[in-house]
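Since we're looking at a predicted model, the values are computed, not measured.
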Amino acid sequence: MSIDYLQAFPELVAIGRQQLQRYCDEWANRPIAREFGIAQVFVDDELLLSVHLDARQTGDIVIIHLDELLGYIVDNHFPDAEQRRELHGRIREVRLSGRFGNPRGQVIRGRRGTLYLTCKSCGAEMETEQQGIEGWTVECPPQHLTCPVCGIADTYYGCDLHLRLPLAKL
């Protein structure tokens, strides 16, 4: 589901997509995001948020507290206490206005894991810094990479990435 929640806050839009994505990645690893069943929040080029749920999330109604995410961004990006207070107040006002209280869209469920590449020459697995969601198709420009094990270079595409899920806790 893509939501234009950020657009209501020009100060947050001014942060830029890359830094916003870093904050979203950090927040998705926090206990409150796991409590909501959120696997990942993706910020696209138009600064729309896409929320991906953990596959274990059940039920027909999904409640996503994006004000918690925005509060995290505010607390971590703005050093001025007065500016933080003002932004938190505006986030609360938007939430209470109901403007984003019932966003509709496609909810994507899937477990989150780390993306890996397998060397086309020696078969060595190479861990990337990227996360993926079970069932996603990864699209990215071709990358010319050299295997750290065998030293042979080759071109890799999004379809060459594969997901490794974390082991389930017993």
Side-chain angles (χ1 to χ4, degrees), residues 1-59 62-81 83-84 87-88 90-92 94-95 100 103-118 125-143 145 148 156-169:
M1 133 174 46
S2 293
I3 304 169
D4 66 347
Y5 207 46
L6 290 169
Q7 308 306 321
F9 307 98
E11 299 89 343
L12 299 183
V13 168
I15 293 172
R17 194 195 76 70
Q18 288 184 331
Q19 184 60 44
L20 286 169
Q21 186 62 62
R22 279 190 213 99
Y23 288 138
C24 288
D25 291 344
E26 291 169 8
W27 184 80
N29 287 315
R30 297 176 58 83
I32 193 161
R34 288 192 300 272
E35 178 184 326
F36 298 148
I38 295 173
Q40 187 171 31
V41 178
F42 179 73
V43 182
D44 71 13
D45 291 336
E46 296 175 5
L47 299 182
L48 297 176
L49 300 175
S50 294
V51 179
H52 302 270
L53 301 178
D54 189 290
R56 294 170 292 215
Q57 180 74 16
T58 60
V62 177
I63 299 172
I64 303 169
H65 296 277
L66 289 177
D67 54 321
E68 294 282 347
L69 167 62
L70 298 188
Y72 177 83
I73 293 169
V74 167
D75 288 341
N76 285 279
H77 190 78
F78 297 97
D80 181 66
Q83 186 178 23
R84 285 194 312 269
L87 283 166
H88 282 297
R90 287 184 27 225
I91 290 168
R92 190 171 34 260
V94 168
R95 183 191 66 206
F100 297 103
R104 298 197 182 274
Q106 180 183 12
V107 176
I108 299 172
R109 296 179 196 266
R111 294 176 291 169
R112 180 172 64 168
T114 302
L115 292 172
Y116 283 78
L117 284 171
T118 301
E125 286 224 311
M126 298 173 276
E127 181 177 359
T128 73
E129 296 180 1
Q130 303 302 311
Q131 297 284 300
I133 302 292
E134 190 174 40
W136 265 18
T137 300
V138 178
E139 295 180 19
C140 63
Q143 298 288 313
L145 303 171
Y156 293 87
Y157 302 87
C159 62
D160 293 317
L161 289 161
H162 60 277
L163 185 66
R164 183 179 294 167
L165 299 170
L167 296 174
K169 295 179 183 176

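- Atom CD1 of residue I32 and atom CD of residue E68 lie 3.5 Å apart, to the nearest 0.5 angstrom.
- In this structure, CZ in R22 is found 13.0 Å from CG in N76, a value given to the nearest 0.5 Å.
- The two atoms that bring A39 and A28 nearest to each other are O-CB, 4.0 Å, heavy atoms only.
- In this structure, L87 CG and L12 CG are separated by 6.0 Å, a value rounded to the nearest 0.5 Å.
- Nearest heavy-atom pair across L47 and V13 is CD1-CG1, 3.5 Å.
- Side-chain N or O atoms of R34 include one that pairs as donor or acceptor with a backbone N or O of N29 at under 3.5 Å.
- Y156 OH to T118 OG1: the interatomic distance, rounded to the nearest 0.5 Å, is 8.0 Å.
- Between S50 and V41, the closest side-chain pair of non-hydrogen atoms is not below 4.5 Å.
- Test I15, V94, I73 against F9 for side-chain contact (heavy atoms from CB on, under 4.5 Å) and you get one pass: V94.
- Scored by the side chain to side chain donor-acceptor pair (under 3.5 Å) test, Q130 finds no partners at all (sequence neighbours excluded).
- Under the rule for a side chain to side chain donor-acceptor pair (under 3.5 Å), the partners of D75 that lie at least two apart in sequence or sit in another chain are H88.
- Residues passing the salt bridge (Lys or Arg N to Asp or Glu O under 4.0 Å) test with R30, sequence neighbours excluded: none.
- Residue F78 comes nearest to Q83 through the heavy atom pair CD2-OE1, 3.3 Å, listed as atom of the first residue, atom of the second, then distance.
- The closest donor-acceptor contact from the side chain of T128 to the backbone of Y116 lies at 3.5 Å or more, if one exists at all.
- Atom-to-atom distance recorded for H162:NE2 and L115:CG is 9.0 Å, nearest 0.5 angstrom.
- Residues Y157 and P142 approach most closely at CE2-CB, 3.4 Å, considering heavy atoms.
- In this structure the side chain of E11 never reaches within 4.5 angstrom of the side chain of V74, judged on heavy atoms.
- If you take CG on L70 and CD1 on I91, they are separated by 4.5 Å, rounding to the nearest 0.5 Å.
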Could you walk me through whether L48 and L6 satisfy the side-chain contact (heavy atoms from CB on, under 4.5 Å) test, starting with their C-alpha distance in whole Å, then the side-chain angles of each, then the deciding distance to 0.1 Å, before giving a yes or no? CA-CA 7 Å; L48 297 176; L6 290 169; over 6 Å; no
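- Put simply, the side chain of T114 does not reach to within 4.5 Å of the side chain of L163, judged on heavy atoms.
- With sequence neighbours excluded, the residues forming a ring pair (Phe, Tyr, Trp, His ring centres under 6.0 Å) with Y23 are H77, listed by chain and number.
- In this structure, Q21 contributes its side chain and V43 its backbone to a donor-acceptor pair below 3.5 Å.
- For E26, there are no salt bridge (Lys or Arg N to Asp or Glu O under 4.0 Å) partners two or more places apart in sequence or in a different chain.
- Every salt bridge (Lys or Arg N to Asp or Glu O under 4.0 Å) that D45 has, sequence neighbours left out, goes to R17.
- Of all non-hydrogen atoms in A8 and R90, the two that sit nearest each other are O-NH2, 3.9 Å.
- What you find for E46 and Q7 is that their closest heavy atoms are O-NE2, 3.2 Å.
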